[in-house]
Amino acid sequence: MRRFWIGIITLIVLLSGCDAQQFLATPKPGSSNNSNQPQAEVNHMALGNPSGALPETSSSDNYLIQRPEYSLAYNRKLNILNWVSWHLDIGDLGNTDRSQFTTDPDLPEGWYRVKPTDYTNSGYDRGHMLPSADRTASESINRSVFYMTNIVPQAPDNNQGPWKEFEDYCRDLVRDGKQLYLIAGPEGSDGSIGDPKIRVPKYVWKIALVLDANDQISDINRNTEVIALRMPNRDGIRDKDWRDYIVSVATIEEKTKYTFFTNLSSELQNSLKQKVATP
DNA sequence: CTGGCGACC
DNA sequence: GGTCGCCAG
């Protein structure tokens with residue numbers, strides 16, 4: 001009976017959109033992984049800011065959110081992100097439990113904040129762009145990727161199929177001695193869910209630049225491995241290989257109108273963007 | 001929030 | 001074992 005009432009109260013809280021989880025959560029000051037703390041020092045936009053996002057409310061369709069865990073451009077009109085950019089190395093891979101989806105507490109006042117329940121019974125997964133498993137060094141770090149600003153309506157067969165397989169592949173690279181610069185986001189429109197409307201992307205894309213664990217940005221050269229994917233956001237592809245969706249970065253630029261790798265020389269950009277990976 | 005469930009590697 | 005999720009209470 002006691003559990004019953006706790007359930008009902010929780011349900012009411014969730015449905016009302018009140019962000020009680022912020023208060024119920026128990027941040028542990030000393031709980032962060034103190035053996036290695038690369039997060040605070042990493043520049044997650046080391047390769048560039050593909051859409052020129054700004055941290056100003058006037059830039060509401062391209063609003064830059066920078067956290068120790070990632071950099072993200074949010075689109076208030078679409079109620080999803082434009083892209084999220086992050087660095088991945090061995091220090092990011094820990095063993096925390098998955099957090100719970102929550103509204104993003106840091107969006108400007110007056111902006112609609114997508115709730116986890118906005119996706120319920122929509123037919124779409126709450127699809128992480130920056131995967132939970134890439135941020136498991138501590139509970140507070142993992143919590144940051146469960147903000148709904150990092151989530152798009154993603155077809156289950158995409159999210160749980162080849163998209164997930166590529167996420168696994170990236171972490172395997174890291175465990176095999178690599179570090180990755182990653183950026184991912186939605187593209188196009190397949191309608192919307194919810195009220196207010198949350199854009200359902202027609203595609204999701206992801207770019208991984210692969211370096212050895214001890215490389216610097218300055219070690220990037222024309223032979224650096226770059227893997228770019230563009231995957232339809234629909235069901236029926238669960239058993240596809242992620243390699244079936246490899247494209248060039250140039251293709252993603254053409255489709256999204258973003259510009260990647262702007263912090264690299266134009267020669268290097270041109271060379272890397274034409275490549276079609278064969279992993 | 002917890003706990004149970006299902007899918008896949 | 002892990003990962004990704006779903007829903008009920």
Side-chain angles (χ1 to χ4, degrees), chain A residues 1-28 31 80 84 86 88 90 92-103 105 114-148 150-176 180 182 184-186 193-194 198 200-201 204-206 208 229 231-245 279:
Chain A
M1 200 41 135
R2 182 188 164 85
R3 285 195 51 76
F4 173 79
W5 285 110
I6 291 172
I8 294 298
I9 291 165
T10 304
L11 206 61
I12 291 167
V13 164
L14 289 174
L15 288 175
S16 68
C18 173
D19 204 8
Q21 290 169 49
Q22 293 304 314
F23 300 100
L24 294 172
T26 51
K28 298 174 194 163
S31 72
I80 56 174
V84 58
W86 71 105
L88 182 66
I90 196 69
D92 297 314
L93 305 182
N95 57 1
T96 57
D97 289 340
R98 274 168 70 87
S99 304
Q100 320 229 18
F101 295 102
T102 57
T103 56
V114 175
K115 301 187 293 291
T117 47
D118 289 340
Y119 284 50
T120 303
N121 295 322
S122 68
Y124 289 93
D125 283 358
R126 303 172 187 93
H128 286 85
M129 291 292 96
L130 196 176
S132 170
D134 281 10
R135 287 291 180 264
T136 51
S138 77
E139 287 178 28
S140 63
I141 288 171
N142 187 253
R143 224 170 278 137
S144 73
V145 297
F146 275 81
Y147 291 156
M148 292 303 290
N150 180 44
I151 304 299
V152 304
Q154 200 169 355
D157 286 357
N158 172 309
N159 185 31
Q160 302 173 36
W163 185 261
K164 163 196 164 38
E165 292 306 311
F166 184 60
E167 293 176 348
D168 288 343
Y169 179 81
C170 288
R171 288 185 293 272
D172 284 344
L173 287 176
V174 168
R175 293 192 185 94
D176 289 342
L180 277 64
L182 291 145
I193 60 171
I198 298 166
V200 176
V204 285
W205 52 269
K206 188 167 185 173
L229 305 184
M231 199 177 292
N233 187 32
R234 60 174 174 79
D235 283 327
I237 63 169
R238 183 181 284 260
D239 298 324
K240 290 281 201 177
D241 192 313
W242 59 265
R243 293 170 184 82
D244 293 346
Y245 301 104

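Because only heavy atoms are used, hydrogens play no part in the values below, and waters and symmetry mates are left out as well, while side chains stay in. First the proteins, then the strands, lettered A, B, ... as listed; each starts at 1.
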Visitor: Nucleotides 2-4 of chain C: which of its N/O atoms have a protein N/O under 3.5 Å away?
Guide:
{"residue": "C:dC4", "atom": "OP1", "partner": "A:Ala133", "partner atom": "N", "Å": "3.1"}
{"residue": "C:dC4", "atom": "OP2", "partner": "A:Arg98", "partner atom": "NH1", "Å": "2.9"}
{"residue": "C:dC4", "atom": "O5'", "partner": "A:Arg98", "partner atom": "NH1", "Å": "3.4"}

Visitor: Could you tell me the separation between the CG atom of A:Asp97 and the C1' atom of B:dT2, rounded to a whole number of Å?
Guide: 12 Å
Visitor: Would you find a donor on one side and an acceptor on the other, under 3.5 Å apart, between the side chain of A:Trp205 and the backbone of A:Pro186?
Guide: yes
Visitor: Roughly how many Å is it from CG in A:Asp157 to P in B:dC9, rounded to a whole number?
Guide: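 Answer to the nearest Å: 12 Å.
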Visitor: To the nearest Å, give me how far apart CZ (A:Phe101) and P (B:dC1) are.
Guide: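 Spelled out: CZ on A:Phe101 to P on B:dC1 is 12 Å.
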Visitor: Can you measure A:Ile193 atom CD1 to C:dC6 atom P for me and round it to whole angstrom units?
Guide: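 Going from CD1 in A:Ile193 over to P in C:dC6 covers 10 Å.
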Visitor: Whole Å only: how far is the CD atom of A:Gln154 from the P atom of C:dC6?
Guide: 10 Å
Visitor: At 4.0 Å (heavy atoms only), tell me whether A:Tyr124 reaches a base, stays on the sugar-phosphate, or touches nothing.
Guide: sugar-phosphate
Visitor: Give a yes or no on whether a salt bridge exists between A:Asp92 and A:Arg135, defined as a side-chain N under 4.0 angstrom from a carboxylate O.
Guide: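 Yes, A:Asp92 and A:Arg135 are salt-bridged.
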Visitor: Among the candidates C:dC7, B:dC9, B:dC1, find the nucleotide nearest to the side-chain atoms of A:Gln100.
Guide: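 The closest nucleotide is B:dC1.
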Visitor: Can a donor-acceptor pair be found, under 3.5 Å and without considering hydrogens, that links the side chain of A:Asn233 to the backbone of A:Val204?
Guide: no
Visitor: Remember a base hit wins even if backbone is also touched, and classify A:Asn121 as base, sugar-phosphate or nothing at under 4.0 Å, heavy atoms.
Guide: sugar-phosphate
Visitor: Kindly compute the distance separating CD1 (A:Ile193) from OH (A:Tyr124), expressed to the nearest 0.5 Å.
Guide: 8.0 Å
Visitor: Given side chains that start at C-beta, do those of A:Ile80 and A:Val114 come closer than 4.5 Å, heavy atoms only?
Guide: no
Visitor: Ignoring hydrogens and angles, tell me if any N or O in the side chain of A:Trp242 forms a donor-acceptor pair with the backbone of A:Trp163 under 3.5 Å.
Guide: no
